[in-house]
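Not measured: the values here are computed from a predicted model.
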Protein chains: 2
Amino acid sequence: MKITLRPQPVSTRDAVYLQLRDQILKLELPPGTPLSENETSLLFQVSRTPVRESFLRLAQEGLVQVLPQRGTFVSLIDTELVEEGRFMREQLEKSVIRLACEQFPEEALASLELNLLQQEASMMKQDDKHMFELDEAFHGIIFEGCRKMNTWSVIQQMNVHLNRSRMLRLADDHNWQNLFEQHRRMAEAIKSGEADLAEQLMKEHLSLNITDQAVLKEKYPSYYK
Amino acid sequence: MKITLRPQPVSTRDAVYLQLRDQILKLELPPGTPLSENETSLLFQVSRTPVRESFLRLAQEGLVQVLPQRGTFVSLIDTELVEEGRFMREQLEKSVIRLACEQFPEEALASLELNLLQQEASMMKQDDKHMFELDEAFHGIIFEGCRKMNTWSVIQQMNVHLNRSRMLRLADDHNWQNLFEQHRRMAEAIKSGEADLAEQLMKEHLSLNITDQAVLKEKYPSYYK
DNA sequence: ATTTTCACACTTGTATGGTAGTATGGTAGT
DNA sequence: ACTACCATACTACCATACAAGTGTGAAAAT
């Protein structure tokens with residue numbers, strides 16, 4: 001008896017959605033850019049339906065704004081949304097790392113340490129892209145160990161706005177060495193169950209991401225609300 | 001010069017969405033119920049398009065599950081999702097009420113006190129529905145005073161799952177008197193800036209909402225995942 | 001009696017035509 | 001020169017037709 005796994009064939013709708021989302025996050029479609037169902041459907045060589053449904057999804061996530069009978073536009077960056085996204089992430093990650101200090105599965109701890117080794121390797125190779133993924137994964141492992149994967153999903157969802165803002169800075173001012181060191185110390189704190197220390201480390205870690213919104217807003221006024 | 005405010009005329013899509021959402025949350029459409037685009041469009045006397053778009057939105061919010069070429073079903077209640085929703089709300093509300101203790105606008109404090117008066121009146125009249133709305137509003141005012149409205153939106157979004165679970169209990173075991181008392185004490189703590197006390201009150205207040213999932217799951221096994 | 005096959009009645013996914021509302025640029029009237 | 005008007009070319013919204021995958025039950029084969 002063979003269980004036939006149904007591999008979700010990426011639908012046209014999802015393909016269009018992912019493509020648009022990617023372009024918006026990379027600022028290839030800058031804030032304010034008008035999008036048109038017709039135009040986009042011609043560009044992707046598909047009908048208007050999947051395009052339209054992609055727009056609706058993007059609108060729900062706040063990445064585009066749909067004005068009935070007027071047009072659809074890439075959303076301007078909302079500073080409040082960015083700051084609150086950071087705020088929520090900080091509060092939730094601080095709470096979760098406290099949980100991790102109280103109870104954390106052995107295999108998750110092993111995953112963390114493996115991840116740290118990979119981070120070191122990627123730093124050597126100056127593989128920024130991979131380093132970024134490992135950073136995300138590190139935090140994800142902590143949530144997974146605390147059985148809070150849905151919380152992690154929510155955080156990632158909220159952070160698309162923050163990420164778009166981050167993209168405005170030239171990407172390479174990431175101080176990976178510093179981030180790695182913080183990761184390492186957080187893992188140790190979890191291992192030894194030092195909740196207060198862990199929370200403090202996480203707080204500092206996440207505040208590194210605070211980009212000076214005011215500066216960016218002045219530099220790219222047309223991108224901001 | 002008159003600014004012509006454009007009152008978003010409720011689109012067909014939104015009308016269908018709101019109606020379905022309401023029915024799902026009230027368990028008039030119990031978890032597991034099959035929904036059909038065709039059937040629903042006939043029921044609402046509209047075409048498949050707005051119905052389909054409503055389904056997509058509901059799917060994104062986790063209220064329905066769409067299986068391509070097979071069907072669309074009202075989502076089973078996910079215990080993990082419910083518990084994590086409660087967890088996130090607790091963490092965020094605790095942090096925000098701390099903020100409120102440090103800095104809270106005068107007019108927001110006035111709104112809180114007006115709200116408390118209205119709560120008392122509603123309790124007298126045993127107006128449960130209004131009391132529920134005032135409860136929501138009370139928390140909303142705190143977020144508004146801290147300029148964290150987006151955070152509040154996220155919480156409300158996450159809590160649809162918790163609310164569906166809550167709906168399973170007979171609605172009238174709400175101990176409004178107790179809730180009111182907690183609200184009153186929280187408002188006082190904000191006024192006097194007692195952050196630790198406020199946080200503790202909020203924690204207790206929200207833990208009242210912890211329904212014993214296991215019991216409900218046993219009583220309504222077909223509703224749960 | 002049991003198994004296999006297959007037509008058919010569903011499902012959602014995609015394409016397309018028509019409708020109503022909106023922005024714009026040219027034109028006629030002042 | 002300036003304003004009011006209006007044709008026109010957009011827009012998103014909705015309705016409908018077609019395509020493609022899935023499950024079911026009856027009929028045929030074993």
Inset, instruction - Look at the side-chain N and O atoms of B/Ser36 and state whether any lies under 4.0 Å from the OP1 or OP2 oxygen of C/dT11. - result: yes
Legend entry - Below 4.0 Å: OP1/OP2 of C/dG21 and any side-chain N or O of A/Arg70: no
Inset, instruction - On the 0 to 90° scale, with breaks at 30° and 60°, tag the A/His205-A/His139 ring pair as parallel, tilted or perpendicular. - result: parallel
Inset, instruction - In whole angstrom, give the distance that lies between atom CZ of B/Phe44 and atom C1' of D/dA15. - result: 17 Å
Legend entry - Under-4.0 Å side-chain N/O to phosphate OP1/OP2 contact, B/Thr72 with C/dT12: yes
Legend entry - Donor-acceptor pair between A/Asp135 and A/His183 side chains, under 3.5 angstrom: yes
Inset, instruction - Return yes if the base of C/dT11 and the side-chain atoms of B/Gln69 contain a donor-acceptor N/O pair under 3.5 Å, otherwise no. - result: no
Inset, instruction - Let me know the distance between CZ of A/Arg52 and C1' of D/dT16, rounded to the nearest Å. - result: 14 Å
Legend entry - Distance in angstrom units between A/Leu67 CG and C/dT22 C1', rounded: 11 Å
Inset, instruction - May I ask you to decide whether A/Arg147 forms a salt bridge with B/Glu84, counting only side-chain N to carboxylate O separations under 4.0 Å? - result: no
Inset, instruction - Examine the side chains of B/Arg13 and B/Tyr17 and answer whether a donor and an acceptor come within less than 3.5 Å of each other. - result: no
Legend entry - Polar side-chain atom of A/Thr33 near backbone of A/Pro30 as donor-acceptor pair, under 3.5 Å: yes
Legend entry - Spacing of B/Asp14 atom CG relative to D/dC13 atom C1', expressed in whole Å: 11 Å
Legend entry - Distance test, side-chain N/O of B/Arg48 to OP1/OP2 of D/dC14, below 4.0 Å: no
Inset, instruction - Both distances under 3.5 Å, Watson-Crick or G-U wobble: on that basis, could you give the dot-bracket string for DNA chain C, with [ ] for crossing pairs and | for other-strand partners? - result: ||||||||||||||||||||||||||||||
Inset, instruction - Round to the nearest Å and state the distance from A/Gln45 atom CD to C/dT16 atom P. - result: 11 Å
Inset, instruction - With the side chain of A/Pro50 defined as its heavy atoms from C-beta on, choose the nearest nucleotide among C/dA15, C/dT12, D/dA12. - result: C/dA15
Inset, instruction - Using whole Å, report how far CD of B/Gln65 lies from P of C/dT11. - result: 17 Å
Inset, instruction - Determine, for B/Glu53 against B/Arg57, whether the closest basic-nitrogen to carboxylate-oxygen distance falls under 4.0 angstrom. - result: no
Legend entry - Rounded distance (Å) that lies between atom P of D/dA12 and atom CD of B/Glu53: 12 Å
Legend entry - Most 5' of A/Thr49 and B/Phe55 on DNA chain C, judged by nearest nucleotide: B/Phe55
Legend entry - Nucleotide nearest B/Asn38 when distance is taken to its side chain, options D/dC14, C/dT11, D/dA12: C/dT11
Inset, instruction - Could you tell me whether B/Arg98 and B/Glu102 have a side-chain N and a carboxylate O separated by less than 4.0 Å? - result: no
Legend entry - Interatomic distance, A/Leu56 CG vs D/dC14 C1' [rounded to whole Å]: 12 Å
Legend entry - side-chain N/O B/Ser47 vs D/dT16 OP1/OP2, d < 4.0 Å: no
